[in-house]
Structures are given as C-alpha cells and as structure tokens.
Number of protein chains: 2
Amino acid sequence: MTVGTKTKREKLAEREDAIVSAATEAFLEKGMSAAKMAEIAASAGVAEGTLYLYFKNKEALFAAVVARHWESLTEGATAAIAKADSPDDQLEALARYTLRRILADWKLFELSFVLHYPVKEDGVGSDRRGYVRIFDQIVARGIDRGTFAPEADPRLVRDLFFGTIEYAVRSILQTGKNPKLEPVVIMLLTAVRAVLKPGQGQARTPDHAERIEAAVTRLEKLAER
Amino acid sequence: MTVGTKTKREKLAEREDAIVSAATEAFLEKGMSAAKMAEIAASAGVAEGTLYLYFKNKEALFAAVVARHWESLTEGATAAIAKADSPDDQLEALARYTLRRILADWKLFELSFVLHYPVKEDGVGSDRRGYVRIFDQIVARGIDRGTFAPEADPRLVRDLFFGTIEYAVRSILQTGKNPKLEPVVIMLLTAVRAVLKPGQGQARTPDHAERIEAAVTRLEKLAER
DNA sequence: CGCGGCGAATGAGCAACCCTCATTATGACT
DNA sequence: AGTCATAATGAGGGTTGCTCATTCGCCGCG
C-alpha cells in the first residue's frame, strides 16, 4: 500500500463518516421520524442496504449523529477552559462556551433528547458523560484548592449549571430576540457561587428563621406518619 | 334531556377522553414511535378511522396527551402554593411540588420533549405556559412586596428554577438511588435567593418574624387534624 | 309507524417506509 | 488468472399511518 492510496480501513471509516454526515443533515432538516433512510443513503452515495452494514437501524444511526455532536462539544469545551487558570475562571469560561455552543447548535442539541427513552446508565444519555466530567473536574479542583466549600455536592451543582443553561437557551430562542448571553452568565455564576461558597460574600450567619423552619419541617414529617 | 342520560356533546367528550387515556397508556409504555394507532383504537374501543375524526394524525394525538399532562401539573401546583403565604414560602412549595411531581411522572414529562421540534411561540411548548406563569406571578408578588430585588429578571430566574429541577430529576433517576429531594430543594432555594436578593447578605432580618409565624401557623394547621 | 336526512363511525385498502437477504462486485493474496 | 472473504446492492416483504366509500344510529316529520 502506497501513500495517497487509501487502505481498506480508511475507506470504511470514510464511508461511515459520509453516512453520518448525510444523516446529520437529514435529521436536522426533517427531524427523526420524517427523515428517510432512502434519502440519507442517496445523499451519502451508497445503497440503502449499505446503511444497515454500518448501523443496526435508523435509531442507531441517529444515536451516532448525536454522539458525534457531543464529542465535538466536549472537545471544544476542553480547549475553552484550558486558557483559564483558577477554578472560578474555568467555570466562567465553561459557562460562556456551553451557552454559546448550545445556542449555535440548538437543533442538534434538542435532537439528542428525542432518543432519550430508557433512562439507563449506558444508554444514549451516556454521550453527555464526557462533557459533564469536565464540570466535575473543575469543581473537584476547586475543592482541593480550597476555593469551593468541600461539603458541596458536585452532582447537585452540575444540575444547576447545565439545567439553567439549557433552559436559558430555550428561552432565548423562543423570544427570538438578539441573544443576550451576558446576563445569563452573570446570574448563573452568582447562583453557582452562592452554592459552592456558602458563608462567603453573602455572610450567612446561622439563620434563626431557617433553623426554626427546619425544626418545624422535622415535626411535620413526624406528624405525617 | 334528562339527568343520567348523556347528551350528544357529552358522549363525544367522553369518547375523546377515552381515546386520550388509551393513547397516554400506549405512549407511556412504548414511546411515541412504537405505539401503534391500531392498538390505541382497540384499547379505546373505537375503530381506527375514528381516531382521525378526533385528531388529525398521530402527532396531534400525542400532543393532546402531553397537553393534558401539563394541565394537570398546573392545577396541582396552583393548589400546592395556595397554602403558603409569603413569596418565599410559595417558591419553596412550588419547588417541592414540581420536583415531586416531575419525579413521579417522569416518563410523561420526558415524552413532552419528543415533540419539541419547532421552537415556536404557539407550538407544543406552549403547554408549559400556564405552569411557568405560576412562577412568574410569585416572583412578581415578591418584587411588589419588596421581598425580592426589583432589578431581577424573572425570566432568567425562571430558567434557573425549572432547569435545575429538570436536570436534578434526571440525575436522581439515573443514579437510581432512593430519591433525596431535600438537598435539591435547599440548593435550589439558596441559588434562587442569591439571585433574587443580591447583596442582601443576612439582612433578611425583617423577614424573620414573618417566617416564624408562618412556620407556627403550619404547625397549628397540622394540629387541627 | 315509516321514512328521509345527516353527522358519526367503520374497516378494508392504499401508500410509504424500514429493513432483510439472495445476489453481485471488489480487491487482496496466491 | 484464480480463489476467496468481505463489502455492497436493491428488489421485495412486512408493518403501519392514514383515507374514503360505505354503513350505522339517531332524530324529527308526515
């Protein structure tokens, strides 16, 4: 095999890539159910049956499209936070990047929920794994450094972080206005810091009312049984 | 028309209800694409063609299922916050209710995103409208009363609120553990308050009396039963 | 009581589409 | 050139959403 010639492996990979690309386009334009396998095949320059050599069925092809998107997202985010140094700055960079990126590729992002059927560990949702890990690492580092409170549960804060971003993007797209990301970033960071740094800045001296309420809540639970 | 006899209108409404109920069951069990119109028809006790007299197509039927779910959610939330008095407590009640309810009906909730295709004002997403309005009203009242800072943008905080809840539920379901809602509520309220009461530190003193009174009132109500 | 009229309901049939599989093409290695 | 394993093909099968000509059920009127 000479240089310039494609090996068998490369050819197969190339083909798979062409299929996924064609599928991405089709799914973006028409959505999961309206996109036709015949069209995708034609657009990728292969026969319909060939699709099924690379992907078990339409759903698997769809999953591949979504997976590729998440990989790209994870890659970009890793690069985006590399410039920042402190966990605080990294969090901000991640917020900004995620917001911008999800806004840009919203349709693709939304598609990734269509599959979402079985809430399984290794299901489609596992595509996010890599992305979410970035956040977890930042928080872990912050706790190590003493920037964040060690009693903070990273998984909870993670939900705050990504949930807010997704919903904010949805809102932005619905109002249709020119997107204003900065207010979202500011609010998000305010919220995240309030949770990650309790007792700081907000100087939360033990709050009498909170403690009494908590006591009452305990009583209420007791009474319910 | 006598009592006990069904009028024509009532019969039609009843039939529509039966169809939607059958459809809900089918969609829950099998998902949007795997659920078959023939099954739904049989389960509802009508012919297949009849479905199309009530709903234009499968998607419209699906949308009706989702809409009904959101109506029920909105109803329940309205009742849940009615007991609370201060905006702070209402927010807490809404958080707790939403969390519990979405957790309970997660499949149905998730289904409501399958449709989500066109990000339109009047699309399927408009089902949430009523629900979201509840939140907005609470915040508006809080701003009126001076409990919340007037410069807060309710729409942003809304995304924080519901986004966090949805993602938290997703996490809870993925870990599969016994659901611990309380930590989520606490974090959520911490975050929301940090945003709604900027720079307020612990100067929440004026609130203490009110909150203690409310807590005691709850106990009193409890004791009455 | 019979009858005509009208909206509601039916279900066989059509068209669309995913997927299979028997057949053919490809190209690496003797 | 011949052989063989692997990749690719696309016509056909089976399923399913949806339509439409037909039938049903109810009501008022003569």
Side-chain angles (χ1 to χ4, degrees), chain A residues 1-27 29-66 111 114-115 117 124, chain B residues 1-2 4-66 111 114-115 117 124:
Chain A
M1 101 193 160
T2 39
V3 187
T5 292
K6 283 146 196 164
T7 106
K8 216 168 180 182
R9 270 242 163 84
E10 280 172 340
K11 254 193 165 171
L12 289 187
E14 211 168 72
R15 234 172 196 184
E16 183 172 324
D17 205 63
I19 291 175
V20 174
S21 293
T24 302
E25 208 169 339
F27 285 134
E29 194 174 343
K30 311 211 168 188
M32 163 74 174
S33 51
K36 289 157 208 162
M37 293 300 264
E39 275 182 17
I40 293 173
S43 166
V46 300
E48 207 175 336
T50 307
L51 296 184
Y52 296 89
L53 296 178
Y54 289 81
F55 302 94
K56 194 177 131 221
N57 51 30
K58 193 180 184 181
E59 197 171 310
L61 176 54
F62 188 85
V65 168
V66 169
L111 275 184
V114 173
L115 246 319
Y117 257 23
V124 182
Chain B
M1 98 192 164
T2 40
T5 293
K6 283 145 196 163
T7 105
K8 218 169 180 181
R9 269 242 166 87
E10 281 171 338
K11 257 194 165 170
L12 289 187
E14 213 169 71
R15 219 152 218 210
E16 182 172 324
D17 206 62
I19 292 175
V20 174
S21 293
T24 302
E25 207 168 339
F27 285 135
L28 272 184
E29 195 175 344
K30 311 211 169 188
M32 164 73 174
S33 52
K36 288 158 209 164
M37 293 299 266
E39 275 182 17
I40 294 173
S43 165
V46 299
E48 209 174 333
T50 307
L51 296 184
Y52 296 90
L53 295 179
Y54 289 83
F55 302 96
K56 196 177 129 219
N57 51 30
K58 193 179 184 182
E59 198 171 308
L61 175 54
F62 188 87
V65 168
V66 169
L111 275 184
V114 173
L115 248 317
Y117 259 20
V124 181

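Note: hydrogens, waters and symmetry copies are ignored here, and every other heavy atom, side chains too, is used. Residue numbering restarts at 1 for every chain, and letters A, B, ... go by the order of the sequence lines.
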*Asks:* What is the separation between atom NZ on B:K36 and atom C1' on D:dG14, rounded to the nearest whole Å?
*Replies:*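 Going from NZ in B:K36 over to C1' in D:dG14 covers 12 Å.
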*Asks:* Search all heavy atoms of B:M32 against all heavy atoms of B:E59 and return the closest pair with its distance.
*Replies:* CE-CA, 4.2 Å
*Asks:* Assess whether one donor atom and one acceptor atom, taken from the side chain of A:E48 and the base of C:dC18, lie less than 3.5 Å apart.
*Replies:*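 By the distance-only test, no, there is no pair.
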*Asks:* Return the nearest nucleotide to the side chain of A:Y54; candidates are D:dA8, C:dC18, C:dA9.
*Replies:*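 Nearest nucleotide to the side chain: D:dA8.
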*Asks:* What I'd like to find out is whether the side chain of B:I40 reaches to under 4.5 Å of the side chain of B:F27, using heavy atoms alone.
*Replies:* yes
*Asks:* Calculate, to the nearest 0.5 Å, the distance between atoms CD and OG belonging to A:E14 and A:S21 respectively.
*Replies:*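 A:E14 atom CD to A:S21 atom OG measures 11.0 Å (nearest 0.5 Å).
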*Asks:* For A:E39 and C:dC18, give me the distance from atom CD to atom P, rounded to whole Å.
*Replies:* 9 Å
*Asks:* Heavy atoms from C-beta onward define the side chain here; which of D:dT9, D:dG17, C:dT10 lies closest to that of A:T50?
*Replies:* D:dT9
*Asks:* For A:K11 and D:dT6, give me the distance from atom NZ to atom P, rounded to whole Å.
*Replies:*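 Between P of D:dT6 and NZ of A:K11: 17 Å.
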*Asks:* Give B:A35 one of three labels, base, sugar-phosphate or nothing, depending on what nucleic acid heavy atoms sit under 4.0 Å from its own.
*Replies:*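 The residue B:A35 makes sugar-phosphate contact but no base contact.
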*Asks:* In whole angstrom, what separates B:K56's NZ from D:dC18's P?
*Replies:* 9 Å
*Asks:* Look only at the side chain of A:K58 and the backbone of A:A35, and say whether a donor-acceptor pair between them is shorter than 3.5 Å.
*Replies:*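 Answer holds: yes.
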*Asks:* Measure the distance from CE on A:M32 to C1' on C:dC17 and round it to the nearest whole Å.
*Replies:* 13 Å
*Asks:* Nearest to the side chain of B:L12, which nucleotide is it out of C:dA9, C:dC18, D:dA7?
*Replies:* C:dA9
*Asks:* To the nearest Å, give me how far apart CG (A:L53) and P (D:dT9) are.
*Replies:*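 Distance check: A:L53 CG to D:dT9 P gives 9 Å.
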*Asks:* Indicate yes or no: at least one non-hydrogen side-chain atom of B:L111 is less than 4.5 angstrom from one of B:F62.
*Replies:* yes
*Asks:* Separation of B:K30 atom NZ from D:dT15 atom P, in whole Å?
*Replies:*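 Answer to the nearest Å: 14 Å.
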*Asks:* Side chain of B:Y52 only, heavy atoms from C-beta on: which candidate in C:dC18, D:dT19, D:dT9 is closest?
*Replies:* D:dT19
*Asks:* Tell me whether the OP1 or OP2 atom of D:dA8 has a side-chain N or O from A:R15 closer than 4.0 Å.
*Replies:* yes
*Asks:* Base, sugar-phosphate alone, or nothing: which one does B:A41 contact when heavy atoms must sit under 4.0 Å apart?
*Replies:*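 No contact.
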*Asks:* Can you check the A:K58 NZ to D:dT16 C1' distance for me, whole Å?
*Replies:*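 In whole Å, D:dT16 C1' lies 13 Å from A:K58 NZ.
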